[in-house]
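FYI, side chains are in, hydrogens and waters are out, and symmetry mates aren't considered; it's all heavy atoms of this structure. We name chains A, B, ... by the order of the sequence lines, and we start the count at 1 in each one.
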Amino acid sequence: MKRIEHLLDTVAAIAIVLLCILITANIVAREVIQTGVPDIIIMVQELMIPAILFPLAGATAARAHIAIEVIANLFPAALNRWIAVFAALIGVVIASALLLAGWMEFWKTFNSNAHYGGVFMWPKWPGRALFVIAIAFFEIRLIHVLWVDLRAALSGKPAPEKL
Amino acid sequence: MDLATVGYISCAVVIFLLAIRVPISFAIGGVAVVAIFTVFAFRTGTFMPERAFWTTLSLSFSSSFDLVHSYDLSMIPLFIALGHVAYKAGITTEIYEAARVWLARLPGGVAIASVAGCGGFSAISGSSIACASTMGRICTPEMLRLNYDPRLATASVAAGGTLGSLIPPSVLFIIYGIFTESSISQLFLAGFLPGVISMLGYTLVIVLWVKQRPEIAPRPTEVTPMNERITAALRCWPAVLLFVVVIGGIYGGIFTATEAAAISLMFATILGVSRRLIRLRDVIPLLRETMETTGAIFFIAACAKIFVALIALTGLSNSLVGLLDNAAIGPVVFLIMVCVIYLVLGMFLDPVGIMVLTLPLMIPMVESYDMNLIWFGVVIVKLLEIGLITPPVGLNVFVLAGVLEGKVEIGKIFSGLWRFLGIDLVVLTLLVAIPWLSLAIPMSMN
Amino acid sequence: ETTLIANEPGPNRGVRAKAVSYIAEQITERTGGEVKVEQNWGGALFKTNAALQSLGLGVADMGVIIGAYSASEFPELQMAGLQLKPAHPWVMMQAMYELFTTNEKVQARLDEMNVEYILTFSLTPGILVCSGDGIRKLSDAPGTKIAHTGSSTDIFGELGGNLVSMPIYDVYQGMETGLVECSVSYAYYTVASKLNELIDTITDMRFSSLASLATVVNKDTFNSLTPEQQEIIRQVGRDTMDYYAEQLAEADIAAMKTLTEGEGAAELVELPEEDYARMSELFQPSIENWKADMAAVGMDGDALMAELYELIDKWTAVMETEGLPWERG
Ligand code: NA
Ligand code: NA
């Protein structure tokens with residue numbers, strides 16, 4: 001799992017590099033050869049999916065989802081351990097909703113002729129597929145977190161900081 | 001049960017979940033998904049879960065997918081990456097060295113420099129989030145290194161980030177202009193002076209705060225000789241060059257404000273590589289470090305988008321704005337109530353969501369009072385900007401906490417912000433009371 | 001009592017927004033308050049690209065679908081987004097309306113998508129607005145920086161124009177800084193977005209009146225209404241097209257006046273006749289692509305287009321003999 005997340009984060013970083021190169025190339029092409037990169041907006045939009053969503057699994061493993069801690073710091077540790085379980089459960093609800101919805105969208109666009117306009121008429125399914133991949137690994141990691149935190153809450157021992 | 005009540009309950013549940021340390025994205029998104037399901041299930045009066053199931057999924061998907069699948073927002077991950085790369089390329093440390101030796105005598109000099117930096121960054125970016133994330137990555141670590149109090153080091157940047165939408169270019173003014181059919185260039189001009197006033201206000205806060213508690217911003221004891229100061233200033237050339245290239249590019253018609261993010265990142269990377277501070281093969285690992293932060297921040301925004309859809313479904317914003325329409329009130333009370341409503345909505349929703357939900361109802365009332373729409377736009381954008389730094393949902397604060405990777409706790413950032421919020425209310429009052437502050441520049445241009 | 005949730009992707013400004021509000025008011029009024037409409041603006045519930053699916057599922061009960069955003073999913077609608085033979089906006093609406101309410105294949109497809117078609121919106125023909133010298137003949141296009149905001153600009157790429165991709169709302173600033181020289185626009189939108197402050201020429205491209213916007217109601221919601229209420233909504237749809245067409249015509253005349261008269265008026269430019277012929281050749285590939293999209297959903301593009309052309313002729317004849325509805329004494 002760690003290795004997969006490392007790979008996902010790397011793909012996200014590559015997507016950022018591609019975004020940067022594409023947009024810069026578009027500006028340079030406009031100035032030098034008097035024509036922009038065709039379908040640039042569609043390509044940027046599609047690249048945004050891996051750039052933004054692929055790192056969600058890694059962020060979940062690193063417990064990098066931002067939370068407000070002031071008040072909870074006053075709670076007893078045992079209560080906080082159960083809150084962590086509850087939080088992971090809520091995360092699973094959202095991730096499941098997005099995964100199921102994403103899968104439906106993917107399946108529909110994959111089995112139809114759905115495509116964008118423009119020069120290359122890019123199909124719509126790859127973006128949906130990337131969304132599903134991102135959310136699937138996010139959900140797997142969330143379930144893992146849920147399991148680890150549940151064990152910690154039951155045993156009364158602190159859960160590991162990072163997974 | 002009344003639908004608006006579902007909206008109010010949802011907000012209350014969000015506060016509760018945030019308070020007990022449920023991650024922000026989970027709290028907002030979870031409540032939104034469950035509440036949307038409830039609303040759809042009871043649409044016909046009787047409980048019909050089967051239709052609600054697919055509509056809830058579809059709404060959750062389209063809200064989050066469309067947010068991420070965005071050309072305009074591509075500037076945010078690029079600017080977050082820029083903050084990181086500029087740091088590794090030594091660009092930011094040099095500015096700070098210069099700020100430190102030049103502003104040594106000023107109380108909280110580096111914090112003031114950060115606010116000024118935010119003002120400068122606002123001139124190249126149309127988004128407050130991009131402003132807070134980039135400047136947070138650049139300024140705050142340097143202030144922490146100089147032993148500034150974390151509250152000052154973060155709050156000054158979170159507040160400074162709100163200049164992003166007042167000083168042109170500005171996404172919020174564009175959207176306001178579309179909804180009111182007022183001139184976007186006039187709105188841009190109108191926002192400039194209020195942006196500068198806000199900046200001066202934040203500077204005042206820093207000076208007074210540090211005067212009162214000098215230990216929060218330690219000053220260097222030694223006096224730096226003039227020649228060293230000049231050397232420090234000259235060493236800032238990469239940052240100055242970057243700024244000139246980007247400003248020149250946007251206002252000289254070479255690229256758009258959205259494209260500026262990519263140009264800046266490209267420029268900083270080339271600079272870092274050519275100065276041998278970054279190796280080309282390190283670029284991917286370097287960016288990988290920022291990606292989890294970017295993902296976590298965007299996921300909050302995506303969940304906030306689902307929450308906006310919930311508010312639309314429940315008609316909560318309509319019921320709030322409706323309070324104004326029903327009451328026969330004078331213009332002063334009207335304006336006070338407008339401020340209160342936007343501050344309340346700003347506690348929970350993002351600026352674009354609030355505009356889309358409220359402007360269609362609000363603007364006809366403003367017109368019926370015969371108020372100037374350009375001036376009103378400045379007031380609204382200022383109010384929305386304040387919402388970015390108010391608890392419980394303060395996007396600028398979350399973004400800052402994200403790019404600092406947990407080095408400063410969110411509660412601490414909020415606790416440093418109340419002084420800045422205080423001055424914001426003063427500036428807001430001035431903007432409401434003296435329309436000239438907003439209208440002087442656009443009028444003189446005609 | 002029923003409340004319909006409606007979603008509109010645009011702001012509550014402009015001629016079409018007026019018509020959207022008119023639909024809501026009329027439905028409430030004519031059903032005696034039995035059916036109300038809760039209108040959302042600015043895509044508060046969903047954006048244009050998710051409209052078809054969202055309305056089919058019932059995320060909102062009523063809303064507009066734009067052909068260009070679902071060109072492959074709903075090519076029948078996008079047909080009116082192609083450059084067809086020029087026709088009056090009101091004629092385009094009537095022709096599309098008749099096609100969509102009588103053609104059985106189209107109706108089967110609407111059923112499949114789980115939506116009830118209510119009416120079509122048409123735009124006025126697009127114009128090319130430029131700052132500086134502008135486009136006076138197609139050979140001026142090479143190297144000219146043209147805002148690329150949608151498919152109607154594609155042909156300028158073919159002609160060697162320097163397409164600058166940007167969202168439509170960035171065009172004003174882009175033209176102000178010199179990032180773009182030209183943009184495809186509409187007379188009314190040019191004035192509303194204050195672009196008229198910056199432009200010097202308006203080139204008549206003889207574009208068609210695009211009519212690929214349709215208001216639909218979720219089928220389940222529609223079926224849950226009484227037959228009387230259903231008929232009222234259908235009638236409101238028909239009436240809205242006349243109401244909207246009148247407003248559109250007025251706004252277009254007023255906008256053209258603002259654009260071409262008084263201080264800082266823009267110059268109206270016609271292309272040489274052979275250039276217009278060249279343009280319709282350039283539009284051929286997009287029509288071929290559309291036919292492929294039609295085939296992919298099991299529809300015969302040629303047949304449907306022939307039917308639309310007949311209807312355009314029929315309604316043009318009606319307009320010529322009887323006049324436009326609001327001009328008939
Ligand atoms: Na700005
Ligand atoms: Na807030």
- Look at the side chain of A:Glu105 and the backbone N and O of B:Phe61, then say whether any donor-acceptor pair between them is shorter than 3.5 Å. no
- Task: Find the distance between CD1 (A:Ile66) and CD1 (B:Ile410) and round it off to the nearest 0.5 Å.
- Result: 5.5 Å
- Message: At a 4.5 Å cut-off on heavy atoms, which part of B:Ile254 comes close to chain A: side chain, backbone, both, or neither?
- Response: both
- Query: Side chain, backbone, both or neither: which part of B:Leu17 has a non-hydrogen atom closer than 4.5 Å to chain A?
  - Reply: side chain
- Portion of B:Glu259 that has a non-hydrogen atom of chain A nearer than 4.5 angstrom: both
- Could you give the distance from OG (B:Ser58) to CG (A:Leu100), rounded to the nearest 0.5 Å? 12.0 Å
- Query: Is B:Phe65 close to A:Ile49 at the side-chain level, that is, under 4.5 Å between some pair of heavy atoms?
  - Reply: yes
- Task: Side-chain contact test, heavy atoms from C-beta onward, threshold under 4.5 Å: evaluate it for A:Leu142 versus B:Phe26 and give yes or no.
- Result: yes
- Query: At a heavy-atom separation under 4.5 Å, does B:Leu287 approach chain A through its side chain, its backbone, both, or neither?
  - Reply: both
- Residue pair A:Thr10 / B:Met291, side-chain heavy-atom distance below 4.5 Å: no
- Student check: side-chain heavy atoms of B:Glu289 and A:Asp9 closer than 4.5 Å: no
- Query: Side chains of B:Ile20 and A:Ile71: does their closest heavy-atom pair fall under 4.5 Å?
  - Reply: no
- Starting at CD1 of A:Ile27, measure out to CZ of B:Phe255 and round the result to the nearest 0.5 Å. 6.0 Å
- Note on the structure: Closest non-hydrogen atoms of B:Ser74 and A:Ile23, given as atom of the first, atom of the second and distance, are OG-CD1, 4.2 Å
- Message: Quick check on B:Phe37 against chain A: is it the side chain, the backbone, both or neither that has a heavy atom closer than 4.5 Å?
- Response: neither
- Task: Determine whether B:Thr294 and A:Pro55 make a side-chain contact, defined as any pair of heavy atoms from C-beta on separated by less than 4.5 Å.
- Result: no
- Query: Top residue by heavy-atom pair count (under 4.5 Å) with chain B, among A:Leu19, A:Thr24, A:Val17, A:Ile135?
  - Reply: A:Thr24
- Query: Taking the inter-plane angle between the rings of A:Tyr116 and B:His69 on a 0 to 90° scale, is it parallel (under 30°), tilted (30 to 60°) or perpendicular (over 60°)?
  - Reply: parallel
